[in-house]
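The next block holds one structure in the form of structure tokens; read it before the comments.
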Amino acid sequence: MLPQPSQLLGVALLLLALLCPSTVGKKLEKRCVNCSYRTYYTYGDGRSLQRVIYQDPVYTRAAQTYGCSGSPCGVNAICQEAAGGRPVCSCPPGYSGNPLTHCNRGECLDNVDCRGDLQCKDNRCVNPCVGACGIGSNCEARNHVAVCSCPAGYNGDPYTACHLNDPEEQCHPSPCGINTKCEIINGVPTCSCLHGYLGNPLSGCRHECERDSDCGGRDMCSNFKCVPSCGQCGIGANCKSVSNHRAVCECPKGYIGSPYTECRPECYGDSDCPAGRPACFYGICKNTCDGACGIGADCNLRGLTPVCSCPRDMTGDPFVRCRPFTKEDLCEPNPCGTNAICVPGHDNTGRERPVCNCLPGHTGNPLSHCSRGECLSNNECPDHRACINYQCVDPCIGKCATGASCQAKAHLAVCRCPQGQTGDALVSCRQTRTFPVAKYH
């Protein structure tokens with residue numbers, strides 16, 4: 001009995017499925033509605049050998065009358081009767097093809113039938129490396145199995161993809177402990193504690209401190225680090241001491257503001273100062289008279305310049321000391337002229353005043369200048385001269401009476417009345433009178 005067209009179509013689809021299972025398997029699942037699949041043999045690697053059985057409805061109905069007695073299957077095929085005596089044709093294990101026409105023995109049944117570098121797949125010895133390894137990886141067939149590996153200088157999953165070595169990958173995952181960082185130094189992963197942490201970076205790092213008591217007596221815990229407590233003081237402030245990990249701050253003398261925020265100078269210029277302290281010295285308003293004058297002296301400001309003076313009833317150096325007046329102070333400093341001396345005296349009203357006189361042997365104005373005289377004694381003058389008012393002069397001037405004659409001798413004026421005159425030559429000379437003398441007999 002010749003096969004029907006539907007039988008030929010079924011045989012063609014079955015043959016295509018057996019020869020090219022990777023390309024038409026899905027189509028068979030959709031179009032070969034009369035096919036059944038039975039697992040016949042399972043390999044050691046988990047793969048299984050299935051038998052595809054095509055059952056043509058028309059052929060099956062026709063064969064139900066004869067069963068397997070009529071040899072309905074092809075060469076090397078196996079016929080089994082299903083329920084109702086319906087014949088079912090299949091290729092035996094290790095064979096493939098159309099069981100209705102011819103079953104061909106496969107190249108292999110298991111890996112032992114192939115060389116060590118080949119693998120038995122779908123009854124054929126094939127290269128196990130085909131499609132087995134990832135991108136960029138090497139494949140070597142060993143004992144029927146694909147062994148994948150990444151080339152030298154590459155790493156990754158050889159069954160997925162290989163890529164060039166990245167030294168940083170040695171830190172992923174990190175071999176270091178918690179609160180650490182991993183760095184590649186000279187090709188070696190190196191562990192170190194994060195900033196603000198300390199400890200063993202291989203086992204883990206911790207904060208330097210959690211509370212003030214973890215720090216020294218003059219330190220405090222800030223942001224998990226021990227820092228000097230005096231850092232709490234403001235700008236320009238002084239840290240006086242530390243008590244219970246807290247700084248005691250104060251502003252420098254003459255500065256104003258909060259010692260915990262900012263201390264600033266009292267002034268930046270003279271215009272910032274009050275009238276009583278008009279001068280700005282290094283940020284402090286001061287009265288320039290403070291400490292400028294001597295003891296007991298008066299100080300008056302002329303602008304910003306201190307002017308020192310002793311009171312009217314006192315004397316002395318106003319930059320050192322002022323004291324009450326004494327008589328000797330009338331001539332200190334000497335108010336007289338050159339070559340003049342000062343002695344305490346009184347004026348016409350009886351008030352004390354300095355009196356100036358030229359030095360002995362000097363003449364002139366004692367208030368301005370005294371010049372040394374021609375002589376100090378008669379010995380410095382000729383015999384016929386006398387030292388009068390420090391000058392060698394004629395001693396006869398104004399010494400003798402009118403009409404008397406004078407002769408300088410031994411620095412003195414020698415006065416004589418002229419002959420025929422009598423009298424005191426220093427006072428007056430007069431004519432001598434002659435009276436008759438009575439003769440007594």
Side-chain angles (χ1 to χ4, degrees), residues 230 233-242 247-373 376 390:
C230 287
C233 296
I235 300 172
N238 295 330
C239 186
K240 184 178 180 181
S241 62
V242 176
V248 179
C249 309
E250 63 180 6
C251 286
K253 184 179 179 180
Y255 278 59
I256 59 176
S258 170
Y260 294 95
T261 54
E262 181 181 7
C263 295
R264 60 180 180 82
E266 183 182 8
C267 60
Y268 292 97
D270 296 339
S271 59
D272 299 330
C273 296
R277 296 178 295 135
C280 183
F281 285 96
Y282 302 103
I284 302 175
C285 290
K286 288 186 177 182
N287 187 332
T288 52
C289 276
D290 294 342
C293 300
I295 300 173
D298 293 334
C299 182
N300 297 287
L301 289 177
R302 186 174 296 169
L304 295 179
T305 304
V307 178
C308 302
S309 61
C310 287
R312 295 180 61 86
D313 58 344
M314 302 183 75
T315 186
D317 185 349
F319 295 99
V320 180
R321 178 188 294 272
C322 292
R323 57 180 175 77
F325 274 111
T326 63
K327 288 183 178 181
E328 290 73 15
D329 293 328
L330 293 173
C331 292
E332 293 292 339
N334 188 357
C336 304
T338 308
N339 297 322
I341 58 174
C342 175
V343 293
H346 298 82
D347 60 11
N348 294 332
T349 62
R351 295 180 59 186
E352 292 182 341
R353 59 179 291 271
V355 176
C356 297
N357 296 304
C358 286
L359 290 173
H362 292 70
T363 60
N365 185 355
L367 297 177
S368 57
H369 179 72
C370 292
S371 300
R372 188 182 188 285
L376 292 179
Y390 310 110

* When rounded to the nearest 0.5 angstrom, what is the spacing between CZ in Arg321 and OG1 in Thr315? -> 13.5 Å

* Asked: Is there side-chain contact between Cys285 and Pro274, with at least one heavy-atom pair below 4.5 Å?
  -> yes

* **SG-SG distance Cys310 to Cys322 under 2.5 Å** => yes

* List for me each residue that meets side-chain contact (heavy atoms from CB on, under 4.5 Å) alongside Asp347, sequence neighbours excluded, and say none if there are none. => Thr349, Arg351, Arg353

* Asked: Which atoms form the tightest heavy-atom contact between Cys370 and Asn339, and what is the distance?
  -> O-ND2, 2.8 Å

* To do: Just jot down the side-chain contact (heavy atoms from CB on, under 4.5 Å) partners of Tyr282, sequence neighbours excluded, or say none.
  => none

* CG of Leu367 to OG1 of Thr338: how many Å apart, nearest 0.5 Å? -> 11.5 Å

* Asked: With Cys263, which residues qualify under side-chain contact (heavy atoms from CB on, under 4.5 Å), at least two apart?
  -> Ala237, Cys251, Pro252, Tyr255, Pro259

* Structure fact -> Sorted by chain and residue number, the salt bridge (charged side-chain N to carboxylate O under 4.0 Å, His left out) partners of Asp329 (sequence neighbours excluded) come out as Arg323

* Between Leu301 and Pro278, is any pair of side-chain heavy atoms under 4.5 Å apart? -> yes

* **Shortest non-hydrogen separation from His346 to Val355 and the atoms involved** => N-CG2, 4.5 Å

* Partner set under side-chain contact (heavy atoms from CB on, under 4.5 Å) for Ser309, not counting sequence neighbours -> Asp298

* Asked: Cys336-Cys331 sulfur separation below 2.5 Å?
  -> no

* **Heavy-atom pair of closest approach, residues Cys342 and Asn334** => CB-OD1, 3.5 Å

* **Matching residue for Val248 among Cys239, Cys230, Cys233, Ser241 - test: side-chain contact (heavy atoms from CB on, under 4.5 Å)** => Ser241

* Hey, are the side chains of Cys293 and Pro318 touching, using non-hydrogen atoms and a 4.5 Å cut-off? -> no

* **Contact list for residues 257-267, test salt bridge (Lys or Arg N to Asp or Glu O under 4.0 Å), sequence neighbours left out** => Glu266-Arg277

